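Please read these numbers as outputs of a predicted model, since none were measured by experiment. So you know, we letter chains A, B, ... as the sequences are listed, proteins then strands, and number each from 1.
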Number of protein chains: 2
Amino acid sequence: MHSPELLKGTLQTIVLKVLKDHGRMYGYEITQRVKELSDDRILLTEGALYPALHKLEAEGMLKTETENIGKRVRKYYSLTPQGRSLVKERVNEFMEFIRTMGNVLQVNLG
Amino acid sequence: MHSPELLKGTLQTIVLKVLKDHGRMYGYEITQRVKELSDDRILLTEGALYPALHKLEAEGMLKTETENIGKRVRKYYSLTPQGRSLVKERVNEFMEFIRTMGNVLQVNLG
DNA sequence: AACAATACATAAGTGAATTATGTATATAAG
DNA sequence: CTTATATACATAATTCACTTATGTATTGTT
């Protein structure tokens, strides 16, 4: 696992980008996908993920559809057009941040 | 300026690496150097910097020398051998984090 | 004379996260 | 069969690194 400090501020970016790349997903699925993509290095906690999803939905960035799987309920999230813009913004912001950090730390990233 | 959320957790890494690259520096000098290296994108606040320096000193990562410049006092910080190890650790940690984020976000960083 | 820059320091407040707790179904193992 | 693990959601309490605010004082600029 990563020193979790560095992860701060990246949750929204991660959630949005994963949703963009994989389309319609439910919360638990997002945690598993991120775990897989990060080779077990990023383990999203439910206490962080669900509030983040609710917030993005309230802001109109995500829309939801509820599905019954057996007796269980699944809540699928997908990007709205607004959400699609936000992904680009957030990813660009992150890449810009990395470029800056590369200069400050004088290291070659990527 | 960057969305400051992303900066969280990078302060120690920045301070240590800048001290490694430039040797003996005082607090205000560090803020100016980082501002310059980041092209005005990272502006360290005193409220964050000074406590961070004090903590690193208390942990034996930095040592200090006080100098009188006119009637003003300057506190110069430099890395201890332990501090030198920590820099490598922190920078490696950051690069590893970037690599992971590259995989999760499916983008080419650097 | 007034303002900005230099130079340190610490206390109060914020907010995104962790940790803890709760509910419930499905499946594998023993 | 019953216990543990995985699936699936949700929210409240707490933490802690940071921002913001405040304080002191010297030096350089307009």
Distances for protein N/O vs nucleotides 23-26 of chain C N/O pairs under 3.5 angstrom?
{"unit_1": "dT25(C)", "atom_1": "O2", "unit_2": "Arg72(A)", "atom_2": "NH2", "d": "2.3"}
{"unit_1": "dA26(C)", "atom_1": "OP1", "unit_2": "Lys71(A)", "atom_2": "N", "d": "3.4"}
{"unit_1": "dA26(C)", "atom_1": "O4'", "unit_2": "Arg72(A)", "atom_2": "NH2", "d": "3.2"}

Could you list the donor-acceptor pairs under 3.5 angstrom formed between side-chain atoms of residues 52-62 of chain A and any protein atom two or more places apart in sequence or on another chain?
{"unit_1": "His54(A)", "atom_1": "ND1", "unit_2": "Tyr50(A)", "atom_2": "O", "d": "3.4"}
{"unit_1": "Glu57(A)", "atom_1": "OE2", "unit_2": "Thr64(A)", "atom_2": "OG1", "d": "3.0"}

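- The nearest whole Å value for the distance from the CG atom in Leu7(B) to the P atom in dA16(C) is 15 Å.
- DNA chain D is contacted by Gly47(A), Tyr50(A), Pro51(A), His54(A) of residues 47-64 of chain A, taking any non-hydrogen atom closer than 4.0 Å.
- Nearest-nucleotide mapping onto DNA chain C: of Leu44(A) and Gly27(B), the residue sitting toward the 5' end is Gly27(B).
- Atom CG in Leu6(B) sits about 12 Å away from atom C1' in dA16(C), given to the nearest Å.
- Every ring pair (Phe, Tyr, Trp, His ring centres under 6.0 Å) that Tyr26(A) has, sequence neighbours left out, goes to Tyr76(A).
- Scanning all heavy atoms of the two residues, the minimum distance from Ser38(A) to Thr100(B) falls at CB-CG2, 3.6 Å.
- When each of Glu36(A), Glu29(A), Lys35(A) is checked for a side-chain contact (heavy atoms from CB on, under 4.5 Å) with Gln32(A), only Lys35(A) meets the rule.
- Counting heavy atoms from C-beta outward, Lys17(B) and Val104(A) have side chains that stay 4.5 Å or more apart.
- The side-chain contact (heavy atoms from CB on, under 4.5 Å) search around Thr31(B) returns Tyr28(B), Leu44(B), Leu49(B), not counting sequence neighbours.
- Distance CZ (Arg74(B)) to P (dC8(C)): 8 Å, rounded to an integer number of Å.
- Regarding contacts with the backbone of dC8(C), every side-chain N or O of Tyr26(B) stays at 4.0 angstrom or more from both OP1 and OP2.
- If you take CD of Glu67(B) and C1' of dT26(D), they are 17 Å apart, rounded to a whole angstrom.
- Residue Glu5(A) contributes atom CD, which lies 9 Å from atom P of dT18(C) at whole-angstrom precision.
- Proximity of Arg41(A) to Glu96(B): side-chain heavy atoms (C-beta onward) are separated by under 4.5 Å at one or more points.
- Applying the salt bridge (charged side-chain N to carboxylate O under 4.0 Å, His left out) test to every pair with at least one member in residues 63-84 of chain B, sequence neighbours left out, gives these pairs: Arg24(B)-Glu65(B), Arg24(B)-Glu67(B).
- Residue side chain Glu46(B) reaches the base of dC8(C) through a donor-acceptor N/O pair under 3.5 Å, judged by distance alone.
- With DNA chain D read from its 5' end, the first of the two nearest nucleotides for Lys75(A) and Lys8(A) is the one closest to Lys75(A).
- Rounded to a whole Å, the CD atom of Gln32(A) is 10 Å from the P atom of dA6(D).
- Between Phe97(A) and Thr10(A), the closest side-chain pair of non-hydrogen atoms is not below 4.5 Å.
- Atom CD of Glu29(B) and atom P of dA5(C) are 18 Å apart (whole Å).
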